[in-house]
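Structure record follows, encoded as structure tokens.
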Amino acid sequence: MRNRRASDRRSVRIGLLGCGTVGQAVVRTLTGSAATIERATGHRLEVGPILVRDPSKERPGIDPALITTDPAAVIEDPSVTLVVEVMGGLDPTLDHLRTALRRGASVVTANKQLLSRHGPELLAMAEQAGGEMRFEASACGAVPVIKVLRESLLAAEVTAVTGIVNGTTNFILTEMAKGGGGYDEVLARAQALGYAEADPTEDVGGADAAAKMAILSSIAFHARVHLDDVPYEGIDRLQSEDIERAASLGFVVKLLGVARADDGSISVRVYPALVPRGHRLASVGGADNAVLIESRATREIMLVGPGAGGDETASAVVADVLAIVGTPQWSFLHNALVDSGRSVAPAGETTSAFYVRMSVADRPGVLARVASVFAEEGLSIRTVVQSGSGDEASLVLILHAGLERRMEAAMARVRALDDVRGEPVVLRVLGSGEGGS
Ligand SMILES: NC(=O)c1ccc[n+]([C@@H]2O[C@H](COP(=O)([O-])OP(=O)(O)OC[C@H]3O[C@@H](n4cnc5c(N)ncnc54)[C@H](OP(=O)(O)O)[C@@H]3O)[C@@H](O)[C@H]2O)c1
């Protein structure tokens, strides 16, 4: 399906196994972004049959005519050339995927348990029948770590992959480190907030992280690492006291997946570990995932982002679908087909928050005169610090986000005030509404 010319444009029928949290988000993304996808790939992606257990469930935005309880409608129909597996579990999922792959369909799956046990067999079947199998969402949700390992770093000789690959446990450990309570109390809160399953055993016991590390290390080291090859410990026996003691010694406790390749062998393990507070992985908090990849060529590269969630995981699933369908060989930069028609906004029409420092005359009413200039230009002040006296008097302001051209106009007027000495310093403030107008 790859690298087709415009004249090869065609419709690709996608069947889904499962339509829960991830499946519904996949359908929403495929339909919501249909025009963009067609422009960028040259293919019209059509959502075909969707397998579920209970067809009577509410599925907002999903055409009920597509819902089926007959697996054959997805896995055996030759018009379905790409099967997205988001039903989870091993049985009957494994057999469904074998059937689809055997007839040459391509498969995208988010199923870490399946991949970490049966990945090599399924990939071999795909190769034999001329299909493709991709599984980005099976490790670290939205974070495109598999694509980076298998494509960008293919020849970089990866020597280590260290990851926070389970969001539930990272959330629990982050809360415990903040003094948010003991393990049981924080786990109950994580369940109430939807960060932990009703049965959290796979997550807190380390099995989920072990499955992801088996997948990541297989790709990173071009090896076959089965889930059974990964010894794991979880966080279920961790005590608040040790988290506090670690903190007092300058460490945070994280559940880590640690995979290393030496000359002749590989080791892959999952365990809770003390991470020095200055280490990059120490700052990864909440339910985020992060993977630190070390390679001879690139030294360290860290990828961070949401490891779960419907839309987040669907983003990785859809990325795999698009990788299978393929984008045209022609460059994105000059191809009229992929031009969305959006233009670049003039710099003055973008917004930013600002820091301003100026030397001012030490006389009454200075602040009011400066503030009124900003107010007349529609810019509001968030923070003011006045300091010094005489020739040393200075004024530091932080302004809320506003249009760049209004800021330029305001500063031209501020510079012209009698009260202002020398050239004011103006810097932009990140994360306070900067961006397009
Ligand atoms: N949720 C996440 O944040 C996340 C993140 C990364 C990876 N994943 C992976 O993505 C997959 C799907 O997760 P999810 O959260 O979307 O699960 P989910 O909400 O429980 O949805 C599962 C779907 O599969 C269907 N299904 C399950 N067993 C079936 C069977 N035997 N026959 C027919 N249909 C069946 C269910 O049908 P009904 O609707 O009729 O019950 C449901 O539509 C799993 O492999 C999971 O590990 C999920």
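Values in this document were obtained by computation on a predicted structure and should not be read as measured data. Any value given below was found using the heavy atoms of this structure, including those in side chains, with hydrogens, waters and symmetry copies removed. Remember, it's 1-based here, ligands and their atoms both numbered in the order they're listed.
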What do you reckon, does [X] put a non-hydrogen atom under 4.0 Å from ligand 1?
X: Glu312; result: no
X: Arg59; result: yes
X: Pro92; result: yes

Open item on the list: Please state which option from Gly20, Pro71, Gly194, Ala110 has its nearest heavy atom closest to atom 21 (O) of ligand 1.
Closed with: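 Looking at heavy atoms only, the winner is Gly20.
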
Task: Heavy-atom nearest option to atom 30 (C) of ligand 1, drawn from Glu85, Glu58, Met87 - done: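 Minimum heavy-atom distance to atom 30 (C) of ligand 1 goes to Met87.
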
Minimum heavy-atom distance [X]-[Y], with the two atoms named:
X: Arg13; Y: Pro49; value: NH2-CD, 3.6 Å
X: Ile14; Y: Val80; value: C-CG1, 4.2 Å
X: Asn111; Y: Gly89; value: ND2-O, 2.8 Å
X: Leu399; Y: Phe374; value: CD1-CE2, 3.7 Å
X: Ile146; Y: Phe135; value: CD1-O, 3.4 Å

Open item on the list: Please work out, at 4.0 Å between heavy atoms, whether the side chain, the backbone, both, or neither of Lys112 comes within that distance of ligand 1.
Closed with: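 Within the 4.0 Å criterion, Lys112 contacts ligand 1 through side-chain atoms alone.
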
Open item on the list: Does only the side chain of Ala137 get under 4.0 Å from ligand 1, or the backbone, or both, or neither? Count heavy atoms.
Closed with: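 It is the backbone that touches ligand 1; the side chain stays farther off.
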
Is there a polar contact, in the sense of an N or O pair closer than 3.5 Å, between [X] and ligand 1?
X: Thr21; result: yes
X: Gly18; result: no
X: Lys57; result: yes
X: Val22; result: yes
X: Gly141; result: no

Which ligand 1 atoms, with their elements, are less than 4.0 angstrom from a heavy-atom of [X]?
X: Leu51; answer: 33 (C)
X: Cys19; answer: 23 (C), 42 (C), 43 (O)
X: Ala308; answer: 3 (O)
X: Gly309; answer: 2 (C), 3 (O)
X: Asp54; answer: 40 (O)

Are [X] and [Y] close enough for a salt bridge, meaning some N to O gap below 4.0 Å?
X: Arg428; Y: Glu404; value: yes
X: Arg245; Y: Asp242; value: no
X: Arg28; Y: Asp311; value: yes
X: Arg134; Y: Glu151; value: yes
X: Arg189; Y: Glu175; value: yes
X: Arg103; Y: Glu76; value: no

What's the shortest distance from [atom] to any protein heavy atom, and which residue and atom give it?
atom: atom 27 (C) of ligand 1; value: Arg53 CZ, 3.5 Å
atom: atom 12 (C) of ligand 1; value: Val86 O, 3.2 Å
atom: atom 6 (C) of ligand 1; value: Thr313 CG2, 3.5 Å
atom: atom 44 (C) of ligand 1; value: Gly88 CA, 3.7 Å

Open item on the list: Would you compute the distance between atom NE2 of His118 and atom CG of Leu123 and round it to the nearest 0.5 angstrom?
Closed with: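 Reported to 0.5 Å precision, the distance equals 13.0 Å.
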
Open item on the list: Is it true that Thr169 and Asn166 share a donor-acceptor pair across their side chains at a distance under 3.5 Å?
Closed with: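 Yes - a donor-acceptor pair under 3.5 Å links their side chains.
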
- [ ] Give a yes-or-no answer on whether the side chains of Arg117 and Gln113 include a donor-acceptor pair shorter than 3.5 Å.
- [x]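 Indeed, the side chains of Arg117 and Gln113 share at least one donor-acceptor pair under 3.5 Å.
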
Task: Sub-4.0 Å protein heavy atom next to atom 3 (O) of ligand 1 - done: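 Yes.
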
Open item on the list: Tell me whether atom 19 (O) of ligand 1 lies less than 4.0 Å from at least one protein heavy-atom position.
Closed with: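 It does: a protein heavy atom is found less than 4.0 Å away from atom 19 (O) of ligand 1.
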
